[in-house]
Each structure stands twice: as C-alpha cells, then as structure tokens.
2 protein chains.
Amino acid sequence: MAEKLLLIEDDPSILRGLQMNLGLEGFQLIAAHDGEEGIEFARSQKPDLIVLDMMLPKIGGIEVIRTLRQVDHDTPIVVLSAKDQESDKVLALSLGADDYVTKPFSVAELVARIRAALRRRRIHQASAQLTFGRITLDLEGRRLLSDGVELESTAREFDLLHHFFQHPGTVFSREQLMQTVWGADHFGTPRTVDNFIARLRSKIETDPDHPHHIETVRGVGYRFNP
Amino acid sequence: MAEKLLLIEDDPSILRGLQMNLGLEGFQLIAAHDGEEGIEFARSQKPDLIVLDMMLPKIGGIEVIRTLRQVDHDTPIVVLSAKDQESDKVLALSLGADDYVTKPFSVAELVARIRAALRRRRIHQASAQLTFGRITLDLEGRRLLSDGVELESTAREFDLLHHFFQHPGTVFSREQLMQTVWGADHFGTPRTVDNFIARLRSKIETDPDHPHHIETVRGVGYRFNP
DNA sequence: GGGGCGATGACAGCGCGGTGACAATCGGGT
DNA sequence: ACCCGATTGTCACCGCGCTGTCATCGCCCC
C-alpha cells in the first residue's frame, strides 16, 4: 500500500491542497515545483505515479513528459491542465500520459483517476466496486447500481456518493464536502451540498423522507451509514 | 490540551523569539540547541510536534529528519529554512516533514502551519473514539454511544461532553465551560450550562437523580468522573 | 430555619435543514 | 454554428427542533 506520488506543481496553493487531500487519501507525497525538479525527482525517487501540471515555469509540461518517457515508459502520468488547452491534451496523451484532468477539478475525480491509473498499470486485482447494503458503485464504469440494476446518476452525484463510500460513518461538514468533492478552488454556497444530498437520497434511499444511508447531523453536516 | 512542541534551533535570538511567541499561543515548549539534543529530546519527551531549523551545527536538518523518521513516523515536523534552499525543502518533505516555512517567516504563518499539522495528525489518527465506562464518543461520526447503542445527542451536548472527556476529573466553572464549549465570543447566562448538564445527565447517567459521571461541585462548577 | 445555590420544566426565538423553482452552464447532436 | 436538453448551482421560503432564558422549586450547608 502507501503509493508514492510525485506532484509537479508550481502553484503553491494548489500544491498545498493536493498535499492535504492526497495525504488524507493515504498516498505518500513528493513535491516538485518546476519541471526540472520534477524530472530529477522522478529519477531519484522512483514514484509510483506522477501528477503533472501542464502550466509550469521554465520547462513546459509537454517537454517534461517527453523527457520522462525517454527513460521510463511505465510510470503512469496524470496531467492537470486548464480546460481550454485541447491541443495540449491530445499531445500529452500521445506522448504517453495516461490520463487527463481539467482544472478546476474535484479531488474526488483526481483521486479516482489516480487510482484507476495505478490499477491499470499494476495487475492489481482489487475489486473496482464499492458496495454498502443494496447500493453498489462501479468505479470503472462510474455507474450507480441498486440491487444490481443501474440508477441514473450524474457526475457530481457519483463523486459525492463515492466520497461517502470511502469514509463510511464519518461526519463531514458542507465545507469539507465542497473542498473534497467540488475541488479546493471551487467557490459556492454550502446550500448546494444540501441539494445534491436531496437528489442522492431520492435515488438511493428506500424511504427518502426518513433517510437511512445519508443522515443529517444537525449543526454539523452529513454522515453516510452503511 | 496544551500541545508540547520541541524546538530545534541553534540561533539564540530566533529561539527566544519562538519561545516568546509560541508560549503566548499556549504551547508548552522544549528547546534543543542542536540536532543531537533534538533527537534525544524527541525520544525522551514525546512532543506532539517538532519545529526544526534546517541550519544546524554538527548534524544537519536533513539528517535529523531521517533519524527521527526511522523510529517515529507520526510526530509532525515543521521545517524552518532560508528561502533559497529549494532543494532542501523538497528533500525534507519527501523524507517525511509535514510542512515548510521559509525565513524570514511571520509568527502568524508558523502558528497556522503548526496548528494545521496538529489538526491533520489528529484527524489521521485511527482511534477516533473516547470511552469512559459504558459511554463512548465516536468523534468521526459525532455519535454518542452507551454500551454500543446510539443515544440521540445534539451538537452542543456532544461538544460539552467531548470537552469533559478530554479533561476527566477536572472541575470547570460555568464560565470556563461557556468559554471553551460555546466559544470566547459567546455571551449568555451561566444558567444555560446547568440546562445542558441536566440534559446530558438524563441521557448518560444510569440514575440521573444521583449522577455519577457529571458531578456538581457546589460553588464552583462541574466535574466529569470516568 | 434561612439564605443561596443548583435542578428542572416550560417556552419563545431563531438558526438550520429541506425543498421546489429557476437561472446558468455544459455538452451533444444536427 | 446553433439549438435543445440535461446538469449544476443559487435562492427563497417553510417548518421543525435546538438553544437559551426565566421562573419556580427543592435541597444543601451554614
């Protein structure tokens, strides 16, 4: 366990957010602040996966991927980039990046992609499913199943429920959920969380008026019960 | 409460500054003047967090981190260093330091990072439960359990009992409880405390008329007995 | 027996969460 | 490029239950 990730990210605030969130996810982290450092650490530290921001001072992200892939074809690379850089995306993937997340991104999505990339690379046979009660999350297909039959769920709904499934029994404030599911750089009212909770309840709860799985903790936030 | 910090700092003037400022923040302080002393005190004194200056005589900061992490992977380490030592920074973090502050630093920033590191560790700790007798507080789920079955409890009730659990056997005046549980900026009558004590007693005491856990100390306040 | 302190039940205010409607945004298809 | 539907996010209003205060009663200690 305890996969070692190399984060190549020059923006200190995003870096801190990543370190905190990915740290909580149980990853061991190494941080590089520009492309040069990134290449150096990729060689010296042998990370299990590299998270690379395309917007870098000095050497650009494309150049970093090219250099890395000259000596190492195996370590998965997950790329972060602004959403309008479509050309970068294609180029990065063709150079050997494994996956691509556009900013602003939710930590849940990033984590999902990191885990997926790690899983793909290893022959790690862990079940790509999380099940509590009659509800199952198919992580690979990003599908929500109840008793094996699919329930329609949107991206946010899935991410939110995924986060709850990863931390059953723990209370989260609306602010915490905003941070981890919507992303550290997202700004919005806490009320939005309520709405998605309501939508999830209407789908997964047997009796949405008396929810069992997603419980309200008054004055604090919400808790997921298995 | 009163977290114990170990300061490893050879410069006497910086050390004095840290002692004064961090002392005022309510931390308990231990000072080591070089790396050897630091390692020794880290082992003997079991501090809650270590503040480490990278510029040290004899053994360097990197070496100190490496040595500390061989036996102890948990105690957070916050590193101080001159701002141009970028490589040290990354190396320190990859060796297991938790956070990094560059000199010249503001005390406010250092304090913020210390508190963040302490909080992160507390969250990360597995056993988020406090148990006395048949009563258990599940801190992650914010649940109050008696013999393992959940008792309904409101936010305030939980916070108040949580405070008692953290200081068993200590008498608190109503004013102190108001300050710590309700918050320093809260204004209200001391009678409110009585009410919440009564509500807690009715829930957790076997015989609420002759309370055992939450004892009245006439003329003073209340005390929690395990 | 008296004074003072704590216990407790009642109650009013309001803060908090639930929810439906709507606006903004995204994305896919033609 | 345009349109249309789905998704996402915000707002406002409603209703409930927590919270805090008061008044009264009881009890302990002097």
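Lettering of chains follows the sequences in order, A, B, ..., and the numbering in each one begins at 1. The shown structure was predicted, so the numbers you read here are calculated from the model rather than taken from an experiment.
Of all heavy-atom pairs spanning Met55(A) and Asp10(A), the tightest one is O-OD1, 2.8 Å.
Aromatic ring centroids of His163(B) and Phe172(B) lie under 6.0 Å apart.
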Handout entry: side-chain contact (heavy atoms from CB on, under 4.5 Å) between Met20(B) and Leu29(B), worked out
Key = CA-CA 10 Å; Met20(B) 193 167 146; Leu29(B) 302 175; over 6 Å; no
Pairs under 3.5 angstrom, nitrogen or oxygen only, protein versus nucleotides 6-11 of chain C, please.
| residue | atom | partner | partner atom | Å |
| --- | --- | --- | --- | --- |
| dG6(C) | OP1 | Arg174(B) | NH1 | 3.4 |
| dG6(C) | OP1 | Gly219(B) | N | 3.2 |
| dG6(C) | O5' | Arg174(B) | NH2 | 3.3 |
| dA7(C) | OP1 | Arg201(B) | NH1 | 2.7 |
| dA7(C) | OP1 | Thr216(B) | OG1 | 2.6 |
| dA7(C) | OP2 | Tyr222(B) | OH | 2.5 |
| dG9(C) | O6 | Asn195(B) | ND2 | 3.0 |

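Taking atom CD of residue Glu215(A) and atom C1' of nucleotide dG17(D), one finds them 15 Å apart after rounding to whole Å. As a whole-Å value, the separation of His210(A) NE2 from dC16(D) C1' is 13 Å. Taking atom CZ of residue Phe196(A) and atom P of nucleotide dA6(D), one finds them 16 Å apart after rounding to whole Å. Separating the CG atom of Leu200(B) from the P atom of dC18(D) is a distance of 14 Å, rounded to the nearest angstrom.
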Would you tabulate the side-chain donor-acceptor contacts of residues 219-226 of chain B under 3.5 Å, counting partners in other chains and residues two or more places apart, or write 'none'?
| residue | atom | partner | partner atom | Å |
| --- | --- | --- | --- | --- |
| Tyr222(B) | OH | Arg174(B) | NH2 | 3.2 |
| Asn225(B) | ND2 | His212(B) | O | 3.3 |
| Asn225(B) | ND2 | Glu215(B) | OE1 | 2.6 |

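The stretch residues 151-161 of chain A touches DNA chain D through Thr154(A), Ala155(A), Arg156(A), each having a heavy atom under 4.0 angstrom from the strand.
The residues Glu157(A) and Lys203(A) are annotated as salt-bridged, a charged nitrogen and a carboxylate oxygen being separated by less than 4.0 angstrom. For the pair Arg201(A) and Asp194(A), the salt-bridge criterion is not met [side-chain N within less than 4.0 Å of a carboxylate O].
With respect to Leu52(A), the side-chain contact (heavy atoms from CB on, under 4.5 Å) criterion is satisfied by exactly one of Leu68(A), Leu7(A), Val78(A), Ile65(A): Ile65(A).
The shortest distance between the side-chain N/O atoms of Trp182(A) and the OP1/OP2 oxygens of dG9(D) is below 4.0 Å.
Put simply, CZ on Phe158(B) and CG on Leu144(B) are 7.5 Å apart, with the number rounded to the nearest 0.5 Å.
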